[in-house]
Amino acid sequence: MKLVVTGAAGFLGSHLTDRLLAEGHSVVGIDNLITGRRRNLAHLRDEPRFAFLERDVSEPIEVEGEIEGVFHFASPASPVDYLRFPIQTLKAGALGTRNALGLARANGSRLLLASTSEVYGDPLVHPQPETYWGNVNPVGPRSVYDEAKRFAEALTMAYHREHGVDTRIVRIFNTYGPRMRPDDGRVVSNFVVQALRGAPLTIYGDGSQSRSFCYVSDLVEGIWRLFNADIHEPVNLGNPGEYTIRALSDLVLATTGSASTVEVRPLPTDDPRMRSPDISLASARLDWTPRIPLEVGLKRTVEYFRGMQPPGGPGAALE
Ligand code: NAD
Ligand code: UDP
C-alpha cells in the first residue's frame with residue numbers, strides 16, 4: 001500500500017513510519033517541522049519506499065499517485081509545545097484534520113486520526129473508558145489542544161457518517177521512548193535529561209498527580225492493529241500501569257543512578273489530577289495489551305538520551 005503519515009518527523013510519526021515500511025508498504029511523510037526533527041527520519045534517507053514532503057497540513061494537501069491510507073499525526077503534542085503554538089495547534093486539529101480527511105476521501109482511502117486522552121480533560125471518572133465524555137475547560141490554556149482534538153474526532157465521525165470515509169480514531173495516552181526531543185517539556189524526557197545532566201528534577205505541584213506511561217513500540221503495535229480492524233468509534237491505547245509523578249522521579253533516579261535532587265515548581269493550570277486508560281475495548285477487539293513495563297522502557301529511553309550526549313559527557317548540552 002501507499003500510505004501517508006502526517007507528523008512523520010515527530011516522535012510517534014517517525015516510529016509509525018518505520019513500522020509501516022517494515023510491513024512492506026510505501027510511505028509519504030508530511031511535516032512542517034514545527035515540533036519535529038529531520039534527524040528522526042535521517043536513517044530513511046536512502047529508503048526508496050519513503051518520500052518526505054515539508055508542508056503545513058493546515059494548507060491543502062496534495063500527494064501524487066493513489067493513496068490507500070492516511071495516518072493523521074501532525075499536531076504539537078507536548079503541553080509546552082502547544083502552549084507555545086496555540087493557534088497552530090488549533091489549526092492542525094481543525095484545518096489539518098479537514099485536509100487529511102479530504103485527502104482520504106478523494107482517494108477512497110482509510111484514515112486513522114491520532115487523538116488523545118486529553119479529550120477526557122481533568123477526568124471525573126477513573127480509569128477512563130471510551131464512553132466517558134470528559135471534563136474539559138473549553139477556554140483554559142490547554143483548550144487549544146483538547147478542543148482541537150475533540151473537534152477533530154467530531155469531524156472524523158462526520159466524514160465517516162456523511163461521506164462514508166473509512167475512519168479510525170485512536171485516543172493515545174502518555175507515550176514515551178527514544179526520539180522525544182530533549183527539550184520537548186514532557187515529563188519523561190524532562191526527568192531523564194535532568195537526571196543525566198545532574199540537574200534537579202522539576203516536579204510540578206506536589207507530585208501526587210498520576211499518569212500511565214506506554215512505551216512507543218507497544219503503542220505502534222496497537223495503532224497498526226486498529227488500522228487493520230473494522231472499528232469506527234474511538235479506541236483508547238495506553239498502558240494502564242499508573243504512577244504518581246513523584247514515583248516516576250524516583251524510578252528515573254534509580255534507572256540513571258543520578259544523584260540529582262528534586263525541585264518543586266508550580267502546577268500548570270488545569271493539569272489533570274489523574275489519568276489511566278481503560279483498555280477493555282482494545283484488549284477485546286484488537287487482542288492488544290502493552291508488553292513493556294515502565295522499568296524496561298525507561299532503560300531504553302535513558303540509553304537513547306545517553307547516546308545523544310556529546311563527548312563532553314554528562315552536563316554537556318544535549319543537542
Ligand atoms: P511530536 O511533536 O513529536 O510530533 C508531532 C509532529 O507533527 C511534529 O513532527 C511536528 O513538526 C508535526 N506538525 C505539527 N503541526 C504540523 C502542521 N501543521 N503541518 C505539518 N506537520 C505538523 O509529538 P508526538 O508525541 O509524536 O505526537 C504525534 C501525535 O500523537 C499528535 O497528533 C499528538 O496529539 C498525538 N498524541 C501523542 C501522545 C504522546 O504521548 N506522545 C499522546 C496523545 C496523543
Ligand atoms: N510534569 C512535571 N515535571 C515536568 C514535566 C511535567 O511534574 O518537568 C508533570 C505535569 O505537570 C503533569 C505530568 O507531569 O502532571 C505529565 O506531564 P506531561 O507534560 O508529560 O503530559 P500531560 O499528561 O500533562 O499532557
Side-chain angles (χ1 to χ4, degrees), residues 5-7 10-13 15-16 34-36 57 71-83 85-86 88-94 96-97 100 111-123 125-138 140-157 167-177 180 184-189 209-216 218-220 222-223 226-227 231 233-240 242 268 270-279 281-282 290:
V5 176
T6 75
F11 162 52
L12 295 182
H15 285 282
L16 177 63
I34 187 171
T35 59
V57 292
F71 293 82
H72 182 41
F73 277 64
S75 168
S78 158
V80 168
D81 285 342
Y82 62 70
L83 295 175
F85 300 115
Q88 287 93 327
T89 301
L90 281 157
K91 285 169 81 175
T97 304
L111 175 135
L112 182 143
L113 169 71
S115 185
T116 169
S117 53
E118 281 279 326
V119 299
Y120 302 122
D122 190 3
V125 171
H126 190 73
Q128 294 79 52
E130 290 85 351
T131 47
Y132 178 48
W133 292 355
N135 177 39
V136 172
N137 175 352
R142 291 176 93 97
S143 66
V144 299
Y145 183 67
D146 301 9
E147 295 292 14
K149 291 289 184 179
R150 287 168 70 98
F151 176 84
E153 288 197 5
L155 192 64
T156 301
M157 291 307 296
T167 55
R168 311 282 183 273
I169 298 173
V170 55
R171 290 186 180 151
I172 302 168
F173 285 65
N174 298 59
T175 301
Y176 68 98
M180 297 182 87
D184 103 351
R186 286 181 274 196
V187 69
V188 173
S189 43
Q209 71 273 34
S210 73
R211 293 294 186 274
S212 306
F213 300 100
C214 186
Y215 190 66
V216 60
D218 279 335
L219 182 83
V220 168
I223 288 171
L226 176 59
F227 184 74
I231 312 175
E233 303 294 325
V235 177
N236 288 341
L237 291 180
N239 191 322
E242 187 181 353
D270 294 338
D271 196 280
R273 279 293 312 149
M274 56 193 156
R275 182 183 290 154
S276 178
D278 178 331
I279 58 164
L281 184 62

Arg211 with Asp271: basic N within carboxylate O range, under 4.0 Å
yes

Side chains of Arg171 and Ser117: does their closest heavy-atom pair fall under 4.5 Å?
no

Any His72 side-chain heavy atom under 4.5 Å of Thr156 side chain
no

Nearest 0.5 Å, what's the OG1-CG distance between Thr97 and Leu111?
8.0 Å

Minimum heavy-atom separation for Pro123 and Pro272, please, with both atom names.
CD-CB, 4.2 Å

Would you call the rings of His15 and Phe11 parallel, tilted or perpendicular, taking 30° and 60° as the class edges?
perpendicular

Heavy-atom distance under 4.5 Å between the side chains of Phe213 and Val187, does that happen here?
yes

Please name the pair of heavy atoms, one in Thr175 and one in Tyr215, separated by the smallest distance, quoted to 0.1 Å.
CG2-C, 4.2 Å

Is there a side-chain contact between Val216 and Met180 (heavy atoms, below 4.5 Å)?
no

Rounded distance [0.5 Å steps], CG in Asp122 versus CZ in Arg275
9.0 Å

Considering non-hydrogen atoms only, spot the tightest contact between Gly238 and Pro290 and give its length.
O-CG, 3.6 Å

With side-chain contact (heavy atoms from CB on, under 4.5 Å) as the test, pick out the partner of Phe71 among Leu112, Leu12, Leu113, Val170.
Leu112

What is the minimum heavy-atom distance between Gly185 and Val80, and which atoms define it?
CA-CG2, 3.9 Å

Taking the six-membered ring for Trp, are Tyr120 and Phe173 parallel (under 30°), tilted (30 to 60°) or perpendicular (over 60°)?
tilted

Determine yes or no for a side-chain-to-main-chain donor-acceptor pair under 3.5 angstrom, with Gln128 supplying the side chain and Asp278 the backbone.
no

Using side-chain heavy atoms (C-beta onward) and a distance below 4.5 Å, is Glu130 in contact with Val235?
yes

Exercise: identify the closest heavy-atom pair between Asp270 and Gly140:
OD2-CA, 3.9 Å

For Trp133 and Thr131, work out which heavy atoms get closest and say how close.
CD1-O, 3.3 Å

Out of Asn239, Leu237, Leu16, Asn174, which residue meets the side-chain contact (heavy atoms from CB on, under 4.5 Å) rule with Leu219?
Leu237

If you define the side chain from C-beta out and look only at heavy atoms, does anything of Asp184 sit under 4.5 Å from Thr35?
no

Under a 3.5 Å distance rule, please check whether Ser75 uses its side chain to pair with a backbone N or O of Gly93 as donor and acceptor.
no

Before accepting this row, confirm whether a basic side-chain N of the pair Glu118/Lys149 lies closer than 4.0 Å to the acidic partner's carboxylate O.
no

What distance separates Asn137 CG from Asp146 CG, expressed to the nearest 0.5 Å?
8.5 Å

Presence of salt bridge, Arg150 and Glu153, under 4.0 angstrom:
no

